[in-house]
Amino acid sequence: MFDLSGKKALITGASQGIGFEITKSLAEFGAKVFINGSNGAKAEMAAEQISGATAAVCDLSLPDCDKILYEITGDVDILVLNASIQFRTPWNQITDEEFDKQTAVNFKASLKLIQTYAPFMKQNNWGRIVTIGSVQEQKPHKDMLIYAALKAAQANMVKNLAKQLAPFGITVNNVAPGVIETPRNSEALSDKAYESLVLAGIPCGYAGKPSDCSGQVLLLCSEEGRYLTGETIFIDGGMKL
């Protein structure tokens with residue numbers, strides 16, 4: 001099961017956290033992996049920890065990010081769109097800069113990368129595209145309006161593209177994590193009072209780990225996941241309920 005030998009995969013935002021665990025999992029089952037990150041040193045360090053991995057350094061807020069990455073990777077069979085940024089700002093204080101930066105990285109870059117990498121998948125009659133969403137698609141955080149709205153938009157894009165690309169052997173799915181123990185969340189969860197409040201809203205009663213997400217992405221990227229497309233799969237301990 002889960003034989004990805006001969007497949008090439010690009011994982012964005014993969015120098016740490018969920019993206020890094022996804023990359024490790026795909027590489028373990030045979031894929032040649034490209035680790036994207038905007039910080040060159042961190043991306044290179046992450047690549048050194050995975051046999052055969054290659055760093056693909058690029059800031060996804062750049063308008064030509066798709067061209068920059070394609071020059072590094074060439075065609076790929078698997079595209080995992082994990083990179084995102086978020087700002088915790090009350091809705092009436094959101095700035096144009098925050099809006100534009102999140103839109104560029106969290107949505108526009110995803111579309112541009114799919115536009116760039118899908119043609120080879122169509123030609124090859126095989127491809128896997130997985131976006132990493134968020135429980136905020138259904139349960140938005142009051143101080144992350146733009147982040148939550150863009151994750152919902154990305155999930156809608158998945159449904160739209162899944163139907164169009166299915167005839168070409170390409171599946172398109174969305175994995176939506178809840179509270180996961182990642183560097184992004186470490187500072188907030190270090191406040192024990194806040195952590196208790198957050199965990200009280202999770203039926204399972206605890207935060208997940210990045211590895212809780214990587215197994216599901218592995219399934220979606222494999223031949224065993226060939227009959228799943230257009231889906232959003234929540235990995236949130238029941239938080240959305």
Side-chain angles (χ1 to χ4, degrees), residues 9-14 16-26 36 60 78-88 102-103 105-111 113-114 128-163 165-166 170-186 188-189 198-222 224-225 227-241:
L10 168 62
I11 306 90
T12 66
Q16 63 182 19
I18 293 171
F20 183 69
E21 287 299 319
I22 290 171
T23 305
K24 283 202 309 183
S25 184
L26 298 183
N36 163 251
L60 296 189
I78 297 167
L79 178 62
V80 181
L81 299 165
N82 169 72
S84 68
I85 58 173
Q86 57 183 217
F87 297 100
R88 291 173 180 262
Q102 289 178 97
T103 302
V105 175
N106 300 2
F107 188 81
K108 186 177 181 181
S110 294
L111 174 60
L113 290 171
I114 293 172
R128 299 289 184 265
I129 299 170
V130 181
T131 62
I132 304 301
S134 169
V135 67
Q136 291 197 45
E137 294 163 30
Q138 285 206 17
K139 197 171 186 178
H141 190 290
K142 67 182 181 64
D143 290 333
M144 286 190 270
L145 184 153
I146 301 302
Y147 177 82
L150 290 170
K151 289 298 186 180
Q154 183 173 256
N156 186 277
M157 178 176 69
V158 163
K159 288 183 178 181
N160 193 315
L161 292 176
K163 189 170 184 179
L165 295 177
I170 303 169
T171 64
V172 189
N173 290 289
N174 182 50
V175 168
V179 179
I180 306 295
E181 294 176 356
T182 63
R184 170 182 284 179
N185 292 328
S186 61
L189 294 178
V198 170
L199 297 185
I202 303 173
C204 283
Y206 57 89
K209 297 186 180 300
S211 56
D212 292 321
C213 303
S214 59
Q216 185 61 68
V217 176
L218 173 63
L219 169 64
L220 294 173
C221 291
S222 70
E224 284 76 8
Y227 211 49
L228 280 164
T229 197
E231 295 296 326
T232 289
I233 300 169
F234 288 89
I235 304 176
D236 65 351
M239 187 177 179
K240 72 178 184 303
L241 301 174

Please list, chain by chain and in numerical order, all residues satisfying side chain to side chain donor-acceptor pair (under 3.5 Å) with [X], sequence neighbours excluded.
X      : result
Thr229 : none
Gln138 : none
Glu231 : none

Solution key, residues 141-155 side-chain donor-acceptor pairs under 3.5 Å, sequence neighbours excluded:
{"unit_1": "His141", "atom_1": "ND1", "unit_2": "Asp143", "atom_2": "N", "d": "2.9"}
{"unit_1": "His141", "atom_1": "NE2", "unit_2": "Arg88", "atom_2": "NH1", "d": "3.4"}
{"unit_1": "Lys151", "atom_1": "NZ", "unit_2": "Ile132", "atom_2": "O", "d": "2.8"}
{"unit_1": "Gln154", "atom_1": "OE1", "unit_2": "Ser110", "atom_2": "OG", "d": "3.1"}
{"unit_1": "Gln154", "atom_1": "NE2", "unit_2": "Ile132", "atom_2": "O", "d": "3.3"}

So, do [X] and [Y] sit near enough that their side-chain heavy atoms are less than 4.5 Å apart?
X      : Y      : result
Val80  : Leu26  : yes
Ser25  : Val217 : no
Asp236 : Lys139 : no
Leu220 : Arg128 : no

Please report the interatomic distance [atom1]([X]) to [atom2]([Y]), rounded to the nearest 0.5 Å.
X      : Y      : atom1 : atom2 : result
Ile235 : Ile180 : CD1   : CD1   : 7.0 Å
Leu113 : Thr12  : CG    : OG1   : 7.0 Å
Thr171 : Ile129 : OG1   : CD1   : 8.0 Å
Thr23  : Leu10  : OG1   : CG    : 9.0 Å
Asn36  : Asn82  : CG    : CG    : 9.5 Å
Met239 : Cys204 : CE    : SG    : 12.0 Å

- [ ] Before giving the answer on side chain to side chain contact (heavy atoms under 4.5 Å, CB included), spell out for Ile170 and Leu161 the whole-Å C-alpha distance, their side-chain angles and the decisive distance to 0.1 Å.
- [x] CA-CA 10 Å; Ile170 303 169; Leu161 292 176; over 6 Å; no
Open item on the list: With a sphere of 6.0 Å drawn around NZ of Lys240, does it hold more than 12 non-hydrogen atoms of other residues, nucleotides or ligands?
Closed with: yes
TODO: Measure from the side-chain N and O atoms of Asn173 to the backbone N and O of Gly230, and report whether any donor-acceptor pair falls under 3.5 Å.
DONE: yes
- [ ] Measure from the side-chain N and O atoms of Thr131 to the backbone N and O of Gly133, and report whether any donor-acceptor pair falls under 3.5 Å.
- [x] no
Task: Heavy-atom pair with the smallest gap, counting every atom of Ile202 and Gly237 - done: CG2-O, 3.6 Å
Open item on the list: Using every non-hydrogen atom in the two residues, find where Glu137 and Thr232 come nearest and quote the distance to one decimal.
Closed with: OE1-CG2, 3.6 Å
Donor-acceptor pairs under 3.5 Å, side chain of residues 206-216 to any protein atom, not counting sequence neighbours: which ones?
{"unit_1": "Lys209", "atom_1": "NZ", "unit_2": "Glu181", "atom_2": "OE1", "d": "3.0"}
{"unit_1": "Asp212", "atom_1": "OD2", "unit_2": "Lys209", "atom_2": "N", "d": "2.7"}
{"unit_1": "Ser214", "atom_1": "OG", "unit_2": "Ser211", "atom_2": "O", "d": "3.2"}

- [ ] Applying side chain to side chain contact (heavy atoms under 4.5 Å, CB included), run through Val179 and Leu189 and close with a yes or a no.
- [x] CA-CA 10 Å; Val179 179; Leu189 294 178; 4.1 Å; yes
Open item on the list: Checking Ser84 against Asn106: is there a side-chain donor and acceptor pair closer than 3.5 Å?
Closed with: no
Task: Lys24: salt bridge (charged side-chain N to carboxylate O under 4.0 Å, His left out) partners, not counting sequence neighbours - done: Glu21
